[in-house]
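Some notes on the structure that comes next.
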Amino acid sequence: MEFHHIPIMLDRVIEELKIRPNGVYVDGTVGGAGHSSEILKRLSDKGTLVAIDQDRDAVDTARKRLADISDRATVVKSNFVNFDIVLDDLGIGSVDGVLLDLGVSSYQFDQADRGFSYRFDAPLDMRMDQTQEETAADIVNEYSEEDLVRILREYGEEPFARRIAANICREREKKPIRTTFELNELIKSSIPASARRDGGHPSKQTYQAIRIALNKELQILEDSIDQMIHRLSSGGRLCIITFHSLEDRIVKNAMRVAEKPCICPPDFPVCVCGRIPLGKVITRKPIVPDEEELRGNPRAKSAKLRIFERK
């Protein structure tokens with residue numbers, strides 16, 4: 001199956017990046033190269049695009065698709081948390097724009113054997129980087145009940161976390177839980193019928209939670225934003241697309257701190273901490289897809305775009 005992912009808010013992202021033809025741009029989640037292709041088309045022979053992804057299928061696809069457009073793109077298999085290392089290795093100092101399109105791609109969801117989706121009967125995998133040793137099955141079968149409860153509550157905001165974790169632990173004493181459909185049945189049996197009727201698929205929040213924990217998505221995001229902002233040139237922009245409230249909160253708070261980094265007590269008449277603002281938040285409220293895009297791509301429904309500009 002070819003790596004396919006519909007780029008979210010493509011035209012708006014390209015507009016908001018304010019692309020300079022001779023600039024240096026980084027797509028930290030290249031995926032199917034939808035955003036990267038459009039960035040590259042707007043760069044001159046002196047412009048540069050660095051495309052990063054930890055998924056080897058995405059990297060293979062991006063190298064082919066971007067090579068068909070220009071030789072000004074460098075595709076690197078890595079996690080965007082290694083942003084500084086990647087740029088240092090390439091001899092790049094500052095950059096003019098950075099894009100992150102977070103979450104799971106359509107390709108990853110639709111590849112049954114990747115185990116991201118509760119729609120297919122598949123091994124419990126969920127690794128974004130296929131070379132990573134730990135899988136979702138390891139979390140389900142080896143983590144303590146309390147750790148499972150914490151993961152489901154913190155990362156999935158699952159109201160029945162305690163019941164789901166308890167049923168998982170009881171079942172795995174009999175035999176390991178290896179597949180998505182086995183996990184689905186446990187989740188379904190843990191949620192009252194009335195709650196299942198009112199919501200979407202009963203496994204949605206649990207799968208989100210396990211995936212986030214396995215791939216350390218929130219920690220990586222927290223560790224990445226500051227280094228990206230510091231590498232932006234004057235007027236350079238950081239654009240981040242999130243897909244759930246946990247990600248969006250991290251992005252919003254990090255951008256606010258970069259804009260107003262003062263840590264002095266509120267009752268101080270003047271700032272004495274000496275922390276300097278790095279730029280400004282462009283999006284006081286996040287940008288969301290319009291109705292036309294949602295009709296063509298329902299998976300964009302929860303997407304939010306936030307933008308920071310370096311001073």
Side-chain angles (χ1 to χ4, degrees), residues 3 5 28-31 52-59 77-82 100-158 160-162 164-169 171-172 176-187 190 201-224 241-251 299 302:
F3 200 111
H5 179 64
T29 51
V30 66
I52 302 170
D53 209 293
Q54 60 184 327
D55 188 309
R56 66 187 176 213
D57 294 341
V59 169
K77 184 184 181 304
S78 187
N79 189 299
F80 62 74
V81 75
N82 301 317
L100 295 181
D101 180 1
L102 303 175
V104 184
S105 70
S106 297
Y107 170 85
Q108 290 167 325
F109 270 130
D110 294 338
Q111 280 286 89
D113 61 355
R114 298 292 295 271
F116 283 105
S117 176
Y118 41 73
R119 296 183 294 119
F120 308 111
D121 190 13
L124 280 169
D125 192 326
M126 302 193 198
R127 294 173 298 168
M128 290 186 174
D129 179 352
Q130 299 98 315
T131 64
Q132 176 181 314
E133 291 187 6
E134 186 179 43
T135 68
D138 295 320
I139 290 179
V140 169
N141 289 288
E142 297 176 11
Y143 281 32
S144 70
E145 182 173 336
E146 287 304 315
D147 280 342
L148 289 174
V149 172
R150 176 185 58 80
I151 287 169
L152 298 186
R153 283 178 175 168
E154 289 185 12
Y155 302 150
E157 300 175 306
E158 171 56 67
F160 300 101
R162 175 68 63 184
I164 294 170
N167 282 340
I168 286 173
C169 291
E171 181 64 22
R172 73 190 191 188
I177 302 162
R178 296 299 187 192
T179 70
T180 53
F181 278 14
E182 289 173 357
L183 182 57
N184 285 352
E185 287 302 311
L186 285 170
I187 296 169
S190 306
H201 196 287
S203 295
K204 182 177 181 180
Q205 289 161 275
T206 294
Y207 274 56
Q208 173 183 297
I210 294 173
R211 190 201 78 224
I212 289 173
L214 174 68
N215 295 288
K216 299 179 175 58
E217 294 175 34
L218 300 185
Q219 186 60 55
I220 285 172
L221 182 59
E222 287 180 340
D223 293 343
S224 302
I241 302 172
T242 64
F243 288 88
H244 55 76
S245 60
L246 301 173
E247 291 174 337
D248 184 59
R249 191 177 305 124
I250 290 171
V251 174
R299 286 179 174 173
S302 59

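This is a predicted model, so every value here is computed, not measured.
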Check [X] against [Y] and note the closest heavy-atom contact, atom names and distance.
X      : Y      : answer
Glu158 : Pro202 : OE1-O, 4.3 Å
Ile139 : Ile151 : CG2-CD1, 4.3 Å
Tyr155 : Ala209 : CB-CA, 3.6 Å
Ala165 : Leu152 : N-CD1, 4.4 Å
Met126 : Gly115 : CG-O, 3.1 Å
Phe116 : Phe109 : O-CE2, 3.9 Å

Audit row: Ile168, Leu183, side-chain contact (heavy atoms from CB on, under 4.5 Å) steps and yes/no: CA-CA 8 Å; Ile168 286 173; Leu183 182 57; 3.9 Å; yes
Check whether any side-chain heavy atom of [X] sits under 4.5 Å from a side-chain heavy atom of [Y], and report yes or no.
X      : Y      : result
Leu246 : Ile250 : no
Phe120 : Thr179 : no
Gln205 : Gln208 : no
Ile210 : Leu124 : no
Tyr207 : Ile187 : yes
Glu247 : Ile212 : no
Glu134 : Leu214 : yes
Asn215 : Gln132 : yes

If you round to the nearest 0.5 Å, how far is [atom2] of [Y] from [atom1] of [X]?
X      : Y      : atom1 : atom2 : result
Lys77  : Ile52  : NZ    : CD1   : 12.0 Å
Asp53  : Asp129 : CG    : CG    : 9.5 Å
Glu142 : Asp147 : CD    : CG    : 12.0 Å
Glu157 : His244 : CD    : NE2   : 9.0 Å
Phe181 : Arg119 : CZ    : CZ    : 10.0 Å
Glu145 : Asn167 : CD    : CG    : 9.0 Å

NZ/NE/NH1/NH2 to OD/OE distance under 4.0 Å, Asp125 and Arg127: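 A salt bridge is present here (some side-chain N lies under 4.0 Å from a carboxylate O).
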Side chain to side chain contact (heavy atoms under 4.5 Å, CB included) involving Asn141 - partner list, sequence neighbours excluded: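 Checked Asn141 against side chain to side chain contact (heavy atoms under 4.5 Å, CB included); matches are Ala137, Arg172, Pro176, Ile177, Arg178.
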Side chain to side chain donor-acceptor pair (under 3.5 Å) against Ser203, all qualifying residues, sequence neighbours excluded: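 Per chain and number, Ser203 pairs via side chain to side chain donor-acceptor pair (under 3.5 Å) with Asn184.
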Would a distance-only check, ignoring hydrogens and angles, find a side-chain to backbone donor-acceptor pair under 3.5 Å from [X] to [Y]?
X      : Y      : answer
Asp223 : Ile220 : no
Thr180 : Ala122 : yes
Gln108 : Arg114 : no

Using the test salt bridge (Lys or Arg N to Asp or Glu O under 4.0 Å), find all partners of [X] that sit at least two apart in sequence or belong to another chain.
X      : result
Arg299 : Asp110
Lys216 : none
Glu217 : Arg211
Glu146 : Arg162

Candidate pair Val149 and Tyr143, rule side-chain contact (heavy atoms from CB on, under 4.5 Å), full reasoning: CA-CA 10 Å; Val149 172; Tyr143 281 32; over 6 Å; no
Sole candidate of Asn82, Asn79, Thr131, Thr29 that passes side chain to side chain donor-acceptor pair (under 3.5 Å) when paired with Gln54: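 Considering Asn82, Asn79, Thr131, Thr29, a side chain to side chain donor-acceptor pair (under 3.5 Å) with Gln54 is found only for Asn79.
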Residues Val251, Leu100; criterion side-chain contact (heavy atoms from CB on, under 4.5 Å); working and verdict: CA-CA 11 Å; Val251 174; Leu100 295 181; over 6 Å; no
Check against side-chain contact (heavy atoms from CB on, under 4.5 Å), Met128 and Val104: CA-CA 8 Å; Met128 290 186 174; Val104 184; 3.7 Å; yes
